Number of protein chains: 4
Amino acid sequence: MPDISYRNLAESRHLRTDERLATILHAAARIMADEGYERATIRKVAASVGASIASLYYYFNSKEELLYQIQYCTFKTLLDNLDESLENVSDPDGRIRVLIRNHLDHFFRNLNELKVCSHELETLKGAYYESVKELRKTYFRTALGIVVDLLKDSGNTTLDPKLTTLNLFGMLDWIYTWYDPETGPSERKASNQITCLFLNGIRSPSR
Amino acid sequence: MPDISYRNLAESRHLRTDERLATILHAAARIMADEGYERATIRKVAASVGASIASLYYYFNSKEELLYQIQYCTFKTLLDNLDESLENVSDPDGRIRVLIRNHLDHFFRNLNELKVCSHELETLKGAYYESVKELRKTYFRTALGIVVDLLKDSGNTTLDPKLTTLNLFGMLDWIYTWYDPETGPSERKASNQITCLFLNGIRSPSR
Amino acid sequence: MPDISYRNLAESRHLRTDERLATILHAAARIMADEGYERATIRKVAASVGASIASLYYYFNSKEELLYQIQYCTFKTLLDNLDESLENVSDPDGRIRVLIRNHLDHFFRNLNELKVCSHELETLKGAYYESVKELRKTYFRTALGIVVDLLKDSGNTTLDPKLTTLNLFGMLDWIYTWYDPETGPSERKASNQITCLFLNGIRSPSR
Amino acid sequence: MPDISYRNLAESRHLRTDERLATILHAAARIMADEGYERATIRKVAASVGASIASLYYYFNSKEELLYQIQYCTFKTLLDNLDESLENVSDPDGRIRVLIRNHLDHFFRNLNELKVCSHELETLKGAYYESVKELRKTYFRTALGIVVDLLKDSGNTTLDPKLTTLNLFGMLDWIYTWYDPETGPSERKASNQITCLFLNGIRSPSR
DNA sequence: CATGAATGAGACTTCATTCAT
DNA sequence: GATGAATGAAGTCTCATTCAT
């Protein structure tokens with residue numbers, strides 16, 4: 001039974017410690033994205049942040065908890081930002097644009113976390129798994145709600161809302177397989193392309 | 001330097017042996033999909049096909065070669081089938097429908113292989129990696145060619161062909177994260193939804 | 001308890017089979033000399049003679065027996081030849097020259113066997129070990145007898161016969177570490193040098 | 001590419017750790033001498049020093065590095081001692097006596113290391129091999145230089161210096177095959193016998 | 001005589017984790 | 001807060017050997 005002891009970075013007053021934790025989480029995400037959870041050894045994480053292996057255990061109780069913190073932080077932040085940005089937008093078209101922008105803004109800057117979350121959700125067990133699953137479910141439901149409204153507004157009865165939302169996330173999340181901040185298109189262009197393809201796909205029911 | 005010795009199942013005459021290899025590849029794909037390459041131990045593969053660990057090494061020289069055979073077979077079959085199906089279709093709309101159907105027909109029936117190929121390409125090194133990479137590049141170029149024609153025909157100058165192709169594969173490949181043969185929608189329905197969303201998205205340039 | 005079933009090559013009438021056995025023994029000796037007994041796998045021996053692994057077991061019952069045959073043949077031949085050559089020589093000086101020549105003649109042409117016999121005597125267990133040990137003891141006693149006579153004739157009371165014999169074999173057997181049939185001195189020269197150094201060392205007691 | 005990280009025992013200040021390393025090297029040498037490198041399992045070494053298998057890997061990175069450390073330490077010490085002892089001796093006769101004494105003093109007390117170095121040089125690969133090879137070459141050249149002078153002084157033109165040096169080492173190194181500290185002659189006697197046999201062998205050219 | 005296929009045993013090695021300091 | 005040293009568990013792979021064909 002894992003003892004979840006997630007440390008809320010924002011609330012803590014030990015800034016030095018929490019900056020260090022953030023550094024560790026980021027380094028771990030990079031290594032886990034590059035090599036997968038299993039191949040991402042604690043040893044490599046320690047080396048990449050210039051610490052001893054043993055000292056890392058001050059910041060997390062197990063390798064699984066390290067993975068949990070990465071995933072939890074990612075979705076917590078994503079969801080909090082989304083809620084805030086949606087507050088003043090009410091039309092479905094505007095809301096879906098906010099969601100897409102929020103998602104891509106976050107993950108273009110955190111491709112490693114995106115990859116880790118995509119690959120390693122089911123690596124978590126028990127309470128860790130449930131905790132992250134819950135956040136993701138909430139996030140998906142928000143998106144689904146917007147898509148439902150959008151299809152209604154377009155009079156589109158061909159597309160199934162749930163499948164359409166899944167396909168949207170397919171395009172959004174797939175970016176971790178191809179986006180390269182160095183050589184790729186601008187984030188803005190990539191973002192616009194997906195928005196455009198998706199909204200057109202929805203708006204005009206096939207005759 | 002890995003000595004790649006891919007055995008072409010179709011051409012071999014040692015049926016008994018090759019059927020056994022196919023069984024092993026399938027079992028391995030299932031376990032690797034469920035648990036990831038690293039956690040998918042040879043022991044588990046052996047147990048799942050009712051063989052001793054050592055005897056598996058009669059069929060592949062290393063765990064990496066096992067992964068390679070899974071990926072190579074998958075893309076070789078996919079590509080061969082596609083080439084055959086495209087032979088008698090010349091209009092871009094028909095060709096993209098063939099590609100989507102071919103892709104989904106294959107992977108709805110081989111979700112494990114899809115997941116393994118998606119997650120573990122870069123687990124392969126050296127010649128193994130290059131060999132699979134080459135097949136995938138060929139496959140992508142075929143799709144890209146069709147999308148280019150499609151955009152031209154639609155007079156759509158907004159969408160970038162390469163990004164559009166990547167987004168298409170985002171929707172197509174993402175199915176491994178949500179499709180459930182037991183409880184999900186029919187393959188036909190899921191397939192139609194993606195085709196519809198994509199073709200509409202392309203056809204009608206945003207006003 | 002190993003069942004020693006040494007096949008006497010000379011007496012057998014299955015020439016084809018025995019030629020094959022000789023080929024195998026020679027190939028095995030080469031590989032064992034190069035890599036040591038443990039690293040010299042049956043697989044490598046099989047490959048080097050172009051046979052399947054299983055078929056080798058027709059010629060010996062175990063890897064240890066293979067090693068035994070190599071060692072037994074080597075010392076049996078060496079000893080038989082020595083006895084024959086010594087028959088007509090009675091003075092110690094002549095007899096020691098015969099022994100040195102016999103030893104070097106044989107081993108310059110069978111360096112691999114010399115190395116294997118030097119390194120792997122104690123790899124043999126039980127009856128195998130005793131059998132070879134017996135031959136070697138007989139061989140050593142013959143040499144020791146000659147050295148005793150030689151020291152007596154020289155009036156040399158400084159040197160201990162047994163130690164002197166051991167030192168002689170040190171020089172004789174050490175050749176496997178440095179003699180190279182391709183680039184080294186002629187066998188004749190190398191042989192003369194040892195004979196010269198040893199006989200002078202014995203003949204002239206230090207002041 | 002092995003990363004050779006030889007720890008100089010003498011210079012380190014972590015006495016506890018280095019004493020432990022020395023203990024391990026010694027135990028490993030004994031087992032490798034008794035059974036050969038391949039049969040000398042890490043398990044046996046661990047058991048013989050009362051440690052877990054995994055903990056040994058704190059002291060070396062691979063079994064091959066363990067073998068390397070044994071060989072490197074042996075020849076480094078031997079060579080350093082020789083250089084020191086030769087410093088104040090200039091006549092060839094004295095110098096060869098110093099060399100013989102140094103060699104035998106060291107190896108009578110480290111017969112296991114002598115056997116391991118004799119049998120397993122070529123078990124080392126790449127940088128490990130080159131490193132030890134270099135030391136041995138230096139050691140041999142020192143001996144050869146002395147023998148050259150010695151032969152010159154004796155007016156002996158019969159003997160080839162290189163072959164003579166090789167034969168000397170044959171007698172010196174062969175001791176690992178027969179010397180028994182329990183039942184054998186005194187080291188002093190054994191040492192004198194070799195010195196005597198060799199110097200006489202050289203001094204009096206055969207008529 | 002020959003061999004394809006199989007297997008139990010056991011080797012080296014790595015890893016997450018702990019704990020005394 | 002930090003870390004050197006240690007370890008049980010487990011993984012991949014190789015090997016000698018067997019046996020039905």
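Labels below follow one simple rule: chain letters A, B, ... track the order of the sequence lines, proteins then strands, and each chain is numbered from 1. As the structure is a computational prediction, the values presented were derived from the model and not from experiment.
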Within the 6.0 Å centroid threshold, strictly below: Y72(C) and F75(C): no
Length of the line joining E64(B):CD and dG11(F):P, which is rounded to integer Å: 19 Å
Y37(C) six-ring centre to K63(C) NZ/CZ under 6.0 Å and within 45° of normal: yes
Distance-only donor-acceptor check, side chains K125(D) and Y129(D), under 3.5 Å: no
Below 4.0 Å: OP1/OP2 of dA6(F) and any side-chain N or O of R20(D): yes
Contact nearer the 5' end of DNA chain E, comparing E38(A) with A54(A): E38(A)
Side-chain N,O (Y57(D)) to OP1/OP2 (dA6(F)) below 4.0 Å: no
Side-chain N or O of Y58(C) closer than 4.0 Å to phosphate OP1/OP2 of dT17(F): no
Under 4.0 angstrom between S55(B) side-chain N/O and dA6(E) OP1 or OP2: no
Pair assignment for dT21(F), Watson-Crick or G-U wobble, requiring both distances under 3.5 Å: dA2(E)
Whole angstrom value for the distance that separates P of dA16(F) from CZ of R39(C): 13 Å
Residue matched to dA11(E) through Watson-Crick or wobble contacts both under 3.5 angstrom: dT12(F)
Verdict with supporting geometry, E38(C) and K44(C), salt bridge (Lys or Arg N to Asp or Glu O under 4.0 Å): CA-CA 12 Å; E38(C) 287 293 328; K44(C) 287 173 190 163; over 6 Å; no
Nearest-nucleotide comparison on DNA chain E, the residue closer to the 5′ end among R43(A) and L56(B): L56(B)
Exam field: side chain E64(C) to backbone Y128(C), donor-acceptor pair closer than 3.5 Å: no
Rounded interatomic separation in angstrom, taking OH from Y59(B) and C1' from dT7(E): 13 Å
Atom-pair distance (CD1 on I53(C); C1' on dT14(F)), nearest Å: 11 Å
5' priority, DNA chain F, between S52(A) and A40(C) [closest heavy atom]: S52(A)
Of G50(A) and I42(C), the one whose closest DNA chain F nucleotide lies more 5': G50(A)
